[in-house]
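Below you'll find the structure, written out as structure tokens, and then a few comments.
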Amino acid sequence: MQKAGDTMAQLTDSIKVLPGIGPKKAALFANLGISTLGELLRHYPRDYEDRTRIVPIKDLEAGTAACFVASVVTNPQTHAIPKPGGKRLEVTKVTVADHTARLHLTFFNAGYTVSRLVRGEQYCFYGTLEGDYLGYGMTNPLFEALNSAGTLTRRIMPIYPLTAGLTNKAVSQAVQLAMERCSPPEILPEEVRQRQYLCSYSQALRQIHGPDSHEALEQAKKRLIFEEFYIFSTSLALLRSKRCLRRTGRMEIDGMEEFYHALPFRLTGAQLRCIGEILGDMASGQPMSRLVQGDVGSGKTMVAAAAAYCAAKNGAQTALMAPTEILARQHYEGLSLLFSALGIRLCLLVGSMTPKQKKDCREQIAAGDYDLVIGTHALLTEATVFRDLRLVIADEQHRFGVAQRATLLEKGRQPHLLIMSATPIPRTLSLILYGDLDVSIIDQLPPGRQPVESFLVDERYRARLNGFIRKQAQEGHQSYIVCPAIEDSETESLKAAETWIQTLRESAFPDLRLALLHGKMKGSEKEAVMTAFAAGAYDILVSTTVIEVGVDVPNATLMVVENAERFGLSQLHQLRGRVGRGKAKSWCILVSDVKDLQTRQRLKELCATTDGFKVAQADLKLRGPGDFFGQRQHGLPLFRVADLVQDLGILKDAQEEAAHTVASQRLPEALLEAVEALLKDGYSPN
Ligand code: ADP
Ligand code: MG
């Protein structure tokens, strides 16, 4: 309720306009990230305390805070007890009763407050029963006259995130004052609210900060979650519609037969479908923005190759970006044979080349001597100029940030963008991570693949495990052993690659050939080790997760993961994908000595399925979306109220409504502002 004479405040006004908030308090609020009224209003309670239930005195439980209604049956009696140091402790006693029982209340140093209690009158109390069979009582309960509007009792109390020096009451009061002073704009169009049965923003705000009932609170939450998703979805829909306005030359997509014939195998139906979708984009005259998702080993590289082939046939250049030099090199080697046979000129551009090599390579790229350039980020961070770059392919995208994507696109004239993701991501999350991209899914593995058999074991299995590793070597196969750390640490007892390889060399496998690979090694060193391993020069590769992505050694048949509990399921699935790439049967053994049932259950889930999407879904449920948002620093949206696991149903509704709103071209001013704010500091795909 606005008082006469007050002028309305703006959401951008400092909280210091509120009575009772001076520089000192404002500094405390700043610790909570609150400096404006708008920020204060969006400081939602983290929880609620239900004081709506009125309990008869005889049903009060010791140790549990509760509300009860009672009449005062004695006059309050105050005694002063002298304390050392000349101070006095004032003790006030009063007895109350309802129709079920009597209760003795004790107040300390609250004579003035308690003097408001009038014998014969009814009040609502809130407190915690103390005592045992010898007698019960209550100390310092809160109370209000029964005929007052409840502020401390008979309501659902908000509990706010706090900071030292700031009480819940202070925050709550500030929020209430802020609500009286400003009226935040309504972002949702009226028709959307009606269709989705959503309350108004001001209503939602009032209820979230001081719910009248549980139903009202749920309504308020739903409204706020919807709004978050709706603003987000509107942003994406706008980006998408902007993209539709962009134009690029149409490509000719006939004449792919030659490519298909040159392959040593037939593409799967899923691969062909994805290629069809990609070529469709390239022929459309609009720049493609497509994400290809496929489980490890589903054959994404060939899909990318088809796109690059098509671009080359159209006289355009393609850049294929890999997250690591090892991968870039592997792509280069894997595609060289195929593409030279087809007359496609390709080159490799990686950090470990000499400056002279790089310079020459760049000159040739600028001159248009290459159709396909394969490299790492170096390709995009450094000054590589293309003659006619029209297709950009990012492999294993989750290592590429949104910002990096944008830099890349600046290089060409509206180039097509194709992203290959090796991490299967639950559909809903991919919508958020990859926002405005179109998605193709390769949901089929090439024929003849044997599923990798997976087991979870503990230390008792060590001797047998060593025997098993040895057996692989004897049969001419290779094993990976992945450790969670590089070096020993003083604080954690984890298997560290450097020390573990030492132990294995000395004790278990003195006669076998072991190699070490980890992220702190120089690029060229890693390169050499990986190349040698791929060539069969080692029986066992002890490494950290640097081998996680994409590395292809078909002769490797065993993946051992030490301290498996340290990894997310999706990551373990990636590691597992390093084996089972050849004809021989392969295994993945997770070693964990953790006894915790939940952890073991989680790891067992991985052993039970080979479907990457199922793994990702399980990971999302168990660990939340955090693991998928590894690139938060690149600016991904964070949802304040919405939960990406629980609230997905609402996301779908919000998306539909957002698409509708954008199509209708009637966007409320407040919505546009919210979208702008989100795109500015939260999300900027292309
Ligand atoms: P990923 O999707 O994990 O990137 P790759 O593209 O590396 O998978 O393919 C994995 C392996 O499968 C490669 O050795 C590749 O040559 C092979 N491959 C791809 N497509 C097919 C296919 N249709 N039939 C048989 N083998 C295939
Ligand atoms: Mg790959």
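Atoms considered below: every heavy atom in the structure, side chains included; atoms not considered: hydrogens, waters and symmetry mates. Counting starts at 1 for both ligands and their atoms, following the listed order.
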Hey, are the side chains of Ile278 and Arg290 touching, using non-hydrogen atoms and a 4.5 Å cut-off?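 Yes, their side chains come closer than 4.5 Å.
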Hey, are the side chains of Ile442 and Lys300 touching, using non-hydrogen atoms and a 4.5 Å cut-off?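 Yes - at least one pair of side-chain heavy atoms lies under 4.5 Å apart.
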CZ of Phe509 to CG of Asn466: how many Å apart, nearest 0.5 Å?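 The distance works out to 4.0 Å.
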Any chance you could measure Arg600, atom CZ, to Asp458, atom CG, to the nearest 0.5 Å?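 It comes to 5.5 Å.
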Does [X] have a heavy atom less than 4.0 Å from any atom of ligand 1?
| X | answer |
| --- | --- |
| Asp295 | yes |
| Gly294 | no |
| Met420 | no |

Taking N or O atoms only and a 3.5 Å limit, does Gly297 qualify as a polar contact for ligand 1?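 Yes, there is a polar N/O contact under 3.5 Å.
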Would Phe265 count as a polar contact of ligand 1, with the cut-off being nitrogen or oxygen pairs under 3.5 Å?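 The answer is no, given that Phe265 and ligand 1 share no N or O pair closer than 3.5 Å.
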Numbered atoms of ligand 1 (with element) below 4.0 Å of [X], judged on heavy atoms:
| X | answer |
| --- | --- |
| Gln271 | 19 (C), 20 (N), 22 (C), 23 (N) |
| Arg266 | 22 (C), 23 (N), 24 (N) |
| Leu267 | 23 (N) |

Option from Lys495, Met559, Arg578 for which side chain to side chain contact (heavy atoms under 4.5 Å, CB included) with Val482 holds: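 It is Met559, the one option of Lys495, Met559, Arg578 that forms the side chain to side chain contact (heavy atoms under 4.5 Å, CB included) with Val482.
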Sequence neighbours excluded, every pair satisfying ring pair (Phe, Tyr, Trp, His ring centres under 6.0 Å) that has a member inside residues 332-374: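 For residues 332-374: none.
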Would you please indicate if the ring centroids of Tyr538 and Phe533 are separated by under 6.0 Å?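 Ring centres of Phe533 and Tyr538 not closer than 6.0 Å.
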Considering Thr301, Leu263, Thr268 one by one, which has a heavy atom nearer to atom 5 (P) of ligand 1 than any of the others?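 The nearest heavy atom belongs to Thr301.
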Option of least heavy-atom distance to atom 7 (O) of ligand 1 (set: Lys300, Arg581, Met302):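 Of the listed residues, Arg581 has the closest heavy atom.
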